[in-house]
Amino acid sequence: MENLELLIGLLAAVAVVVRLAGRTSIPEPVLLVLAGLAVALVPGLHQVELDPQLTLALFLPPLLYWAALHTDLRELRANLRPIALLAIGLVLATTAAVAVLARSVFGLPWPVAVVLGAIVSPPDPVAAVAVAGRLGLPRRMVTILEGEGLLNDATALVLYRLAVAAAVSGSFSLGRAGVELAVSAVGGTAAGLAVGFVGSRILRQVSEAPVENTVKLLLPYVAWLGAERVHASGVLAVLACGLLMTRHWGSISSGARLQARQLWDWLVFVLEGLSFVLVGVQLRTVVEGIGGRSLADLAMAALVLNLVVIVVRLAWVYPASWLPRLAARVRERDPFPGWGPVTVIGWAGMRGVVSLALALAIPTEVDGGGPFPDRNLVVFLSFSVIVVTLVGQGLTLPALVKRLGVAAGDEGPAGDGRRALARLSEVALDHLESLDPEADGVPAELVERLRERYRSRLAHLEGQGGDGQAAGTRAMAELVSDLLGAQREELRRLRDQGAVTPEVARRLAHDLDVEEARLERERPG
């Protein structure tokens, strides 16, 4: 009963924090991590015991899957080189630097030191984009941050799993680890593709929105659990499944898409919020369980660790941006972006919910029944990196962007949205101009009413007005449906050509789905 009361209280706290985020200029992840700290200060709070493996399996699959569904594969491929340097190279470099620090200064065993490095090495895409999205950054920078956050989780979790296994078993073989790594990567990708293929076939056979979205909700968990069952990478399975399912997203009904957005927005909101406040619930016990270290020692350890994490990223991004362009072919195809954008990318390495989930998932015991070495210290240090990077870098990033003059060369997503909306209006008008009202059985006055609607939208871009009389006949309803289909096809073309960002395309597609759903409600029986 106490756990239920605590869960209700935590959910209420998350809702309040998110509400505050909408009323202030402070990004939502920053307020959530501050809420976690506030929870840790509440006296007499009931302690919640979480199963480490359940924590990982509960939080990560839907968050990774939703991020994969929102990934634009064309832009990911176009920026694969900088993304790979960050998502693979930088994660390995950060893990190595943190492990050396943790071993030489903190005195942690090597496997545990690598566990700490793997936890704090991957920046979180949700945190970075939530902050960057308010700053009008150029599209390519946002794409790189999103792509890095999507792929670095796979790199970090592979290192994390190998290090945890070594710490739990007390032994490590480089050759065996290499074989396990290859098998895990191939097996996880294959499992994810198989689940995505089967899921897409199932979704073709159903038309009810609740059933469609239940299947889509289960897919990341099935992919994760299936890969874990055969000792493969659950992260790669979920990512592969999500990337495959991006092709199926447009084929489900508009009602299912609207319901899916509401469902996934709520689920991501709950999981992210709970992860932060649950760490706060455990933080006091974690600090009290760290033996042999004073608060001053812990503060100094956290400070040194954060300096290493931040400095390694900054030291990496400059040569990673400059050295590849020593080759004339790379330089001609992709000119150097300037030191300002590179600095912003380096400062946008905010850690978030993935690091939290990995920290909470550290086993409590090793083989033979003993406690996991220095688990409480690793959890505390991990949370310190999340706090410092989210709050410190997250709140100073806007000033840095302004100081360096790094902003979109055009109007950014807002300009993309206006141009795309104008183009969709032109497509609708072209479709209307090609109609013969008498031959198509549509009243001429209703066609003219629609023309005026799209002309007005094209002229003023005030959004789509509602005209209940325009959908008053079956022929008119079918005509509006055709118009929406033509606009959807044009929006797909604009996105494929890179004329709009994925974010803008999703927003405009959502508007079309809303209009179609309204049309379905108003369609005559």
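Small disclaimer: the values here were computed from a predicted structure and weren't measured. Start at 1 with the first residue, then count along the sequence.
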For Asp334, salt bridge (Lys or Arg N to Asp or Glu O under 4.0 Å) partners two or more places apart
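Expected list: Arg81, Arg140, Arg325.
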From [atom1] ([X]) to [atom2] ([Y]), nearest 0.5 Å:
X: Ser355; Y: Ile386; atom1: OG; atom2: CD1; value: 5.0 Å
X: Ile144; Y: Leu80; atom1: CD1; atom2: CG; value: 11.0 Å
X: Arg161; Y: Leu358; atom1: CZ; atom2: CG; value: 9.0 Å
X: Ser382; Y: Leu377; atom1: OG; atom2: CG; value: 9.0 Å
X: Phe106; Y: Met300; atom1: CZ; atom2: CE; value: 10.5 Å

Does [X] reach the main-chain N or O of [Y] with its side chain, forming a donor-acceptor pair under 3.5 Å?
X: Arg331; Y: Leu326; value: yes
X: Tyr65; Y: Ala223; value: no
X: Gln393; Y: Ala348; value: no
X: Glu228; Y: Gly234; value: yes
X: Arg351; Y: Ser121; value: yes
X: Ser200; Y: Phe197; value: yes
X: Arg313; Y: Ile345; value: yes
X: Thr246; Y: Leu243; value: yes

Which ring pair (Phe, Tyr, Trp, His ring centres under 6.0 Å) pairs, counting each pair once, include a residue from residues 288-320, with sequence neighbours left out?
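As it turns out, the ring pair (Phe, Tyr, Trp, His ring centres under 6.0 Å) pairs with a partner in residues 288-320, which skip direct neighbours, are Tyr318-Trp339.
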Using side chain to side chain donor-acceptor pair (under 3.5 Å) as the criterion, point out the one residue from Glu148, Glu75, Arg74 that pairs with Thr143.
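With Thr143 as partner, Glu148, Glu75, Arg74 yield a single side chain to side chain donor-acceptor pair (under 3.5 Å), made by Glu75.
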Given the rule in the side-chain hydrogen bond (donor to acceptor under 3.5 Å, both in side chains) test, do Ser294 and Asp297 qualify, once you have shown the distances and angles that lead to the verdict?
CA-CA 5 Å; Ser294 66; Asp297 291 337; 3.2 Å; yes
Check the pair Ile119, Leu356 against side chain to side chain contact (heavy atoms under 4.5 Å, CB included), reporting the backbone distance first and the verdict last.
CA-CA 8 Å; Ile119 290 174; Leu356 279 175; over 6 Å; no
